[in-house]
2 protein chains.
Amino acid sequence: MPQLQQATVRNSLLKALSPADFALLRPHLEPMTTQLREGLIDANQPIQELYFPEVGFASVVTACTEGQIEVGLIGREGLVGAAPVLLGSDRTPQQSFIQMSGEVLRISALELRAAVRKSSKLQDVLLRYVHTLMVQISMTVYAHAALNLEGRLARWLLMCHDRIDGDELVLTHEFLSMMLGVQRAGVTLALQNLEGAGRIKGRRKRVQILDRSKLEQLVGGSYGVAEAEYARLIGGA
Amino acid sequence: MPQLQQATVRNSLLKALSPADFALLRPHLEPMTTQLREGLIDANQPIQELYFPEVGFASVVTACTEGQIEVGLIGREGLVGAAPVLLGSDRTPQQSFIQMSGEVLRISALELRAAVRKSSKLQDVLLRYVHTLMVQISMTVYAHAALNLEGRLARWLLMCHDRIDGDELVLTHEFLSMMLGVQRAGVTLALQNLEGAGRIKGRRKRVQILDRSKLEQLVGGSYGVAEAEYARLIGGA
DNA sequence: AAATTATGGTGCGATAGCGAACAATGGGAT
DNA sequence: ATCCCATTGTTCGCTATCGCACCATAATTT
């Protein structure tokens with residue numbers, strides 16, 4: 001297997017590292033394909049590995065009494081498992097799994113911790129990423145508190161769109177309903193509204209993003225804040 | 001003014017520090033009384049100071065288009081401003097202000113950063129605290145997504161109760177309604193329900209906690225997770 | 001003591017989303 | 001080509017909460 005080149009990785013967190021920091025991680029990055037719903041981080045279990053998504057993305061959810069609620073989305077801009085491990089906990093009550101299949105670069109928690117100890121610059125970048133994740137989660141609170149289903153759906157579509165190539169998301173209404181914590185029929189109606197307004201185009205198992213700016217009108221500012229923090233602190237790709 | 005003693009501070013994050021780490025911070029801690037609604041951290045402004053609450057607590061809110069929504073609560077267990085500063089951002093899109101007046105120990109961001117650079121053990125403790133804060137915010141997402149007003153109110157009361165001495169909270173329905181992102185009349189009804197079930201006793205501008213376990217029944221597991229992480233990672237006080 | 005303001009209590013129509021059905025449809029399997 | 005079933009579309013009554021308005025009561029000021 002050819003060594004990974006920083007210029008060819010698609011994860012923008014890895015891209016943003018200094019060449020020296022990337023070299024620290026490179027020997028320990030293992031490419032891996034991911035399947036829909038594949039678990040990456042289990043709740044309250046020691047975290048053995050972290051994952052830099054290259055294609056596809058993962059959800060971070062809180063699993064509570066009934067059903068799970070998504071709190072964050074991590075794609076090629078991030079690192080799944082970063083928050084607990086970088087903050088010094090070997091586990092977390094949250095859970096992460098693949099939401100859209102693709103590829104990740106896996107690294108053992110041990111090696112990541114060692115690399116971070118060697119390079120404080122590396123630690124700094126990753127901690128700044130954790131900050132953007134915290135902002136994202138905070139905006140998710142806002143979205144649930146202030147937006148109706150249609151608005152939350154619009155926000156979710158925008159965030160997914162950022163993390164894929166092209167304009168077409170492959171997912172079912174059922175799936176969306178779980179992530180947003182609402183019933184499936186409600187998703188169908190909300191999607192129809194979005195489609196009627198020319199914001200998206202729905203096909204079976206597919207949602208095509210037609211007009212991002214029209215979607216952004218619905219989210220009451222809950223989209224874009226975390227993204228701006230990322231651009232400011234990590235890199236403006 | 002007498003030097004602060006670690007044994008007599010009430011902030012449990014300061015208490016949890018090693019004596020050497022506390023000594024690093026001590027010269028820079030300035031006691032300060034706080035007023036209701038006093039701003040501690042402004043949104044998108046350089047953070048000059050951080051605050052260890054001693055008495056009272058602060059809210060972290062996301063200010064968006066319309067109204068602000070509370071995402072977290074920081075009292076004598078924590079450090080206001082910890083998340084952005086420890087994660088390497090000099091500012092944050094969120095805002096923090098005093099929710100219940102009292103006392104804080106103020107420290108300049110400059111001095112805190114310097115101390116953290118000198119002692120990685122100090123940094124580790126503070127980062128673990130940031131982790132617990134992240135968990136708290138995640139559970140706030142869950143609360144908004146899965147609980148009705150009564151449940152969210154119960155959770156909020158429990159969290160406040162942890163951060164005060166005694167059983168009586170001084171606050172108005174109006175205030176609660178802003179924090180929970182609902183209308184004032186709804187808070188009145190929810191409080192009446194809680195009171196009818198013997199969980200609390202309401203007086204004008206006052207809410208007395210009568211039965212914590214009955215309150216915990218309403219929150220669907222959204223209370224306690226962050227607190228358990230704190231006990232596990234910082235100290236079981 | 002009277003006036004004023006802040007706070008809490010209550011009622012009513014409107015709406016969003018739930019829960020639970022059932023119908024229609026498209027695409028993969030055989 | 002046909003069948004089957006996952007997926008999507010649609011409907012209906014129900015409940016929580018909103019938005020608004022109005023009144024009651026306590027605290028504060030004069």
Side-chain angles (χ1 to χ4, degrees), chain A residues 36-37 65-70 99-100 142-157 168-197 200-208 218-220 222, chain B residues 35-37 65-69 99-101 141-157 168-197 200-208 218-220 222:
Chain A
L36 188 60
R37 291 183 171 276
T65 33
E66 304 234 347
Q68 45 196 23
I69 297 296
E70 178 176 88
Q99 185 76 256
M100 175 149 297
Y142 178 86
H144 273 281
L147 303 182
N148 61 12
L149 175 50
E150 197 173 330
R152 299 206 307 279
L153 181 57
R155 173 170 181 262
W156 201 89
L157 292 173
E168 201 164 70
L169 292 160
V170 179
L171 38 78
T172 67
H173 297 187
E174 181 73 37
F175 212 64
L176 278 169
S177 76
M178 285 179 29
M179 283 308 96
L180 298 170
V182 299
Q183 71 166 16
R184 198 270 312 156
V187 172
T188 302
L189 293 190
L191 283 171
Q192 284 164 1
N193 286 348
L194 292 178
E195 181 154 6
I200 63 165
K201 174 96 186 71
R203 275 198 292 278
R204 192 180 182 77
K205 276 193 153 191
R206 285 183 162 67
V207 175
Q208 186 180 357
L218 295 175
V219 300
S222 68
Chain B
Q35 302 302 317
L36 187 61
R37 290 182 174 279
T65 33
E66 303 234 349
Q68 44 196 23
I69 297 295
Q99 185 75 257
M100 175 150 297
S101 60
V141 176
Y142 178 85
H144 273 282
L147 302 183
N148 61 13
L149 175 51
E150 198 173 330
R152 298 205 307 277
L153 181 57
R155 174 171 182 262
W156 202 88
L157 292 174
E168 201 165 69
L169 292 161
V170 179
L171 37 78
T172 68
H173 295 188
E174 181 73 38
F175 211 65
L176 278 169
S177 75
M178 283 178 30
M179 284 308 96
L180 298 170
V182 299
Q183 70 166 18
R184 200 267 314 155
V187 172
T188 302
L189 292 191
L191 282 171
Q192 284 164 0
N193 286 347
L194 292 178
E195 182 155 5
I200 62 166
K201 175 94 186 71
R203 275 197 291 280
R204 192 181 181 77
K205 276 194 154 189
R206 286 184 160 65
V207 175
Q208 186 180 356
L218 295 175
V219 300
S222 69

### Query
Nucleotide by nucleotide, 5' to 3', does protein get under 4.0 Å of the base (B), only the sugar-phosphate (S), or neither (-) in nucleotides 23-30 of chain C, counting heavy atoms?
--BBS---
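- The distance between atom CG of A:Leu176 and atom P of D:dG9, rounded to the nearest whole Å, is 12 Å.
- A 4.5 Å side-chain heavy-atom check between B:Val207 and B:Leu194 finds every atom pair outside the cut-off.
- Of all heavy-atom pairs between A:Leu169 and A:Met100, the closest is CD2-CE, 4.4 Å.
- Computed from coordinates, the B:Phe175 CZ to C:dA6 P distance equals 15 Å when rounded to whole Å.
- With values rounded to the nearest 0.5 angstrom, B:Glu195 atom CD is found 10.0 Å from B:Gln208 atom CD.
- When rounded to the nearest whole Å, the span between CZ of A:Arg203 and C1' of D:dA6 equals 18 Å.
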### Task
Begin with the C-alpha distance, continue with both residues' side-chain angles, and end with the deciding distance and a verdict on side-chain contact (heavy atoms from CB on, under 4.5 Å) for A:Leu189 and A:Leu149.
CA-CA 10 Å; A:Leu189 293 190; A:Leu149 175 50; over 6 Å; no
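- Within the 4.5 Å cutoff, the side chain of A:His144 has heavy atoms near those of the A:Ile69 side chain.
- Distance CE/A:Met179 to CD/A:Gln99: 5.0 Å, rounded to 0.5 Å.
- The side-chain heavy atoms of A:Leu191 and A:Leu176, taken from C-beta on, include a pair separated by under 4.5 Å.
- Across B:Val219 and B:Gly151, no two heavy atoms sit closer than the pair CG1-O, 3.7 Å.
- Separating the CZ atom of A:Arg206 from the P atom of D:dT8 is a distance of 11 Å, rounded to the nearest angstrom.
- B:Ile200 places its CD1 atom 12 Å from the P atom of C:dG8, with the value rounded to the nearest Å.
- Considering only heavy atoms from C-beta on, A:Leu153 comes within 4.5 Å of A:Leu157 through its side chain.
- Taking the screw axis at each terminus of the helix from C:dA1-D:dT30 to C:dT30-D:dA1 from five consecutive base pairs, the angle between the two is 40° to within rounding of 10 degrees.
- Taking NZ of B:Lys201 as the start and CD of B:Glu168 as the end, the distance is 10.0 Å to the nearest 0.5 Å.
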### Protein proximity profile, nucleotides 9-22 of chain C - base contact B, sugar-phosphate-only contact S, no contact -, cut-off 4.0 Å on heavy atoms
BB------SBB---
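- Under a 3.5 Å cut-off, the side chain of A:Arg155 and the backbone N or O of A:Ser222 do form a donor-acceptor pair.
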